[in-house]
Amino acid sequence: MDSLTRLNDIHQNHILLTKATVSFDDRFTLSEIDWTITPEQHWVITGPNGAGKSALAAALAGIGDIQSGSIQGIPNNVEIVSFEAQAELIAQELKKDDADIMDVISLGTPVSEMIFDHCQDTELAQTLVEKFGLSTLVDRAFRKLSTGETRKVMLIRALANKPELLILDEPFDGLDVDTLAMLQAHLASLIDTVPMVMVLNRFDEMPDFITHVAYLDKDRPEKKRGDKQSGDKGRLTLTVDRQDNAAFNELYQLLHLKTTDLSVPEADPTNKLPALDPSQPLVKLTQATIQYGDTVIVDKLDWTIERGQHWQLSGPNGSGKTCVLSLITGDHPQCYTNDIFVFGFQRGNGESIWQIKQFIGYVSTNLQWEYRVSTSCKNVIISGFYDSIGMYTKSTDSQKKIADQWLKLLGMQDRADQPFNKLSYGDQRLLLIARAMVKHPPLLILDEPCLGLDDINRQLVLALIEKICQGSETTVLYVNHHAEDQISGIEHYLALKKNN
Amino acid sequence: MANYFNTLPLREQLAQLAQCRFMHTAEFADGVEALKGKKMVVIGCGAQGLNQGLNLRDSGLDVSYALRPEAIEQKRQSWKNASENGFVVGTYEELIPTADVVLNLTPDKQHTSVVNTVMPLMKEGACLSYSHGFNIVEEGMKVRDDLTVIMVAPKCPGSEVRAEYVRGFGVPTLIAVHEDNDPKGEGLALAKAYAVGTGGHKAGVLMSSFIAEVKSDLMGEQTILCGMLQTGSLLCFDKMVEEGIDPGYASRLIQYGWETVTEALKYGGVTNMLDRLSNPAKIKAFDLSEELKEIMRPLYNKHQDDIMSGHFSQTMMEDWANDDANLLKWRAETAETNFEKTPAGDVEITEQEFFDNGILMVAMVKAGVELAFETMTAAGIIAESAYYESLHETPLIANTIARKKLYEMNATISDTAEYGCYLYNHACVPLLADFMKGIKSDVIGKGLSLDDNGVDNARLIEVNTALRSHPVEAVGSVLRGYMADMKKIV
């Protein structure tokens, strides 16, 4: 493109990235991005985990340091919804909780304040609160919300601010089916008023109104001796107009993988668990109830999980899925007021939570938020043997060997010693899945495991779960919203309803 | 009630002060066994009370909460905290008589009244646990002969006590047994099991005595920890404004500067904190701190002497009895200081800039840490205790200033610390008046403006040797070594 046309673009409210190299701390660099977004276009950014999809979205919101080149034409009012922004908001709320050096416990900011104090159009916000089904939650503390609910608060804040550019990084992840359809319809109604850029890991979630796709790929040149460790790089390798069928098919091929010949690394033979009585169920909840004040989240639930019975748990956001799981894992304080039998223990009779956790492998979005310690990728996998967040004990040679096999399976051998907290969301997620599986636990709890994974890694993880379901040592408990992410081998279903 | 420390012979006083050792992991092999099946009743459902209770229960122990009848009837926050988390809640009369261990986690000031209420209700041979020894040592609380009295004090705010436990770790914890109240000789076993129950054994446990804990804790908090940081904040801010530096910048440099420079202290002691400076700045900071130490030494001695003699706690309790008149007046005055009223400006200060432009702050921290350590050890407190109550805790207090300046610091620290901080600040500001007259913006606010970073070799070696050979560095490197062994393997 010659300089004259470029000049014209600027005058026409185009967003223009010219050889833009943007760095994010020392962990990631977007390399020489050339990209034009015109006002009537709506883009999806896609590509493998760790290629910089979220980074590119963030760069449009003014995050990151521009090292060279330029980014022009970004409007003043930009809204971004992303896991990073969500995690940041939650971290701020938790920080308020630290006020307890005064020995008082803070109650946190109510949802209404989080929403209405931060948006221009309160009327629209009110409508959205109703549409998203949050009306009954406006007085609740923000940090008491479920993952899906905090995501909805973020979306409402962004939409009600009437942005001139709307950036949505994985907006559909973690939303239940009804909310997803509602959001898609709402976004479709905005296509003439605001350009949208979305990061989507799942190709099948792409709304019809998307006009263009940008494909990013990892750019990892071989390190030379003496090179400073400068983190990974991502490059924009392909932009596709959706009308162009041939190009679109090419892109589709890029995002699919064959998952035959997979094998799950062995368990650690030196790590022996206490034997369980085969005649007893793994888990038995009797009339399980969770409530805060007068609000009932889970109401008199009976649920028995027998060994070898693989279960799928479903239900809309806020129906208490995570609460029920945390009764089993021992993370919910009300597990002491319920009739819960797990792995041979009737809860509340002198057992410790570590005696419970040794039988469980667990992955969830909450875990990923809590996993905020600086440790290496390999140690994150090994910490699954100890059920800890971070490592506080020296690992054994056999544990290290198994962790190496997992890293290889995930294609992450070269990052064994890199700090976990500098990886992309999707790469972190892969490692946490390996952490959950590493000890071949009697019960493997996967709470929406595929959130944040690109299509190829999602297929890999689903294939791994199927393999595990075929074996006899692990019982799988799987939570997911996506009808197409079914696991063959799961034959038991529990659907939770919302209690309000 | 008479001051307990003063009733002891010198030999016994010295023996008690000299207690403090880092316990070996193997000493916790019995886990929570000593508390298994026993009834633990917590009094005080604030952040420490609630979070310690959650940990103990998750370790398989039986925990419930005793509250005042009003708190239960009116469903106050303490009642909600305990009951929403699924704990049994009851009145003192209902729960205390059943308790094998009563955990007193209320503020110091309430201890006398709480213990007097609880003691008659406690069953024969039960255990009373404290998290601070003031009530026993300074107020001379006499606990019934049949009761065992222990102390378990996690050295972190309640939210961290919980967060570290959930990760599979814990926070450093101090334990002690009150020798006059250990009729069955089971105090140590109970204290160790309690520390295991909160996860403390994974992060490191110090075995101390009630007396060593109180005398070193009081000294540390009123001098280096709170007093020095408060006094330094006010003096440095006023000096910068006087020197024409933008007040917003000055406010930010101080509010976040203490936290940044003491972070370096946490990792590698005073030596590392000064190593963060350029060579000329390091020598400057060293000289300033030597001068400060000479001026302030009599003040540190006075604080330590008053703590040892009981004069400090006596005057403070008089003020308590007088509805905190002195303290509240001073607290109000603090809120009116220029530093407190000037919000941190919207300017970016890089991590290194806090050191380069805060040479005087570095010098004040060094002087305060070393003086507090020297004064404590000279008074018979063992080096380990002196280290923890001076250098080790400084970053924690600096962190409270970073959050909301001095008011927050004073609101969050204990009653005893705030009263001590008041006394220190009152004396130290006039004491440093002449010294401050000679201070210019090169050491606070702007940094040295030198064309050349050259220094004299001999002088640099002299300064480095003095830094590295100070006794607080020797004990510090050993203790930090222990902690690092136990802490995260990165």
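Per chain, numbering begins at 1; letters A, B, ... match sequence-line order.
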How close do [X] and [Y] get, counting heavy atoms only, and between which atoms?
X: A:Pro333; Y: B:Leu54; answer: CB-CD2, 4.4 Å
X: A:Gln334; Y: B:Glu84; answer: NE2-O, 3.2 Å
X: A:Trp354; Y: B:Arg167; answer: CH2-C, 4.4 Å
X: B:Tyr165; Y: A:Ile353; answer: CE2-CD1, 3.8 Å
X: A:Ser388; Y: B:Gly168; answer: CB-CA, 4.3 Å
X: B:Asp58; Y: A:Gly330; answer: OD1-O, 4.4 Å

Subject >> Those residues that, when tested against B:Asp324, pass salt bridge (Lys or Arg N to Asp or Glu O under 4.0 Å) (two or more places apart) >> reply: B:Lys109

Original post:
For the atom pair OH (A:Tyr386) and CZ (B:Phe169), what is the distance rounded to the nearest 0.5 Å?
Top reply: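 Atom-to-atom, A:Tyr386:OH and B:Phe169:CZ are 14.5 Å apart.
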
Subject >> Spacing of SG belonging to A:Cys335 relative to CZ belonging to B:Arg57, to within rounding of 0.5 Å >> reply: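 If we round to the nearest 0.5 Å, A:Cys335:SG and B:Arg57:CZ are 6.5 Å apart.
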
**OP:** Give every residue pair that meets the salt bridge (charged side-chain N to carboxylate O under 4.0 Å, His left out) criterion with at least one member in residues 347-375 of chain A, sequence neighbours excluded.
**Re:** A:Asp331-A:Lys357, A:Arg347-A:Glu351

Just wondering, are more than 12 heavy atoms of other shown residues or ligands nearer than 6.0 Å to [atom1] in [X]?
X: B:Arg331; atom1: CZ; answer: yes
X: A:Asn76; atom1: CG; answer: no
X: B:Gln74; atom1: CD; answer: yes

**OP:** Provide the full list of ring pair (Phe, Tyr, Trp, His ring centres under 6.0 Å) pairs with a residue in residues 324-349 of chain A, sequence neighbours left out, each pair given once.
**Re:**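 Counting only pairs at least two positions apart or across chains, the ring pair (Phe, Tyr, Trp, His ring centres under 6.0 Å) contacts touching residues 324-349 of chain A are A:Phe343-A:Phe359.
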
Subject >> Within residues 59-67 of chain B, residues adjacent to chain A where the heavy-atom gap is under 4.5 Å >> reply: B:Ser59, B:Gly60

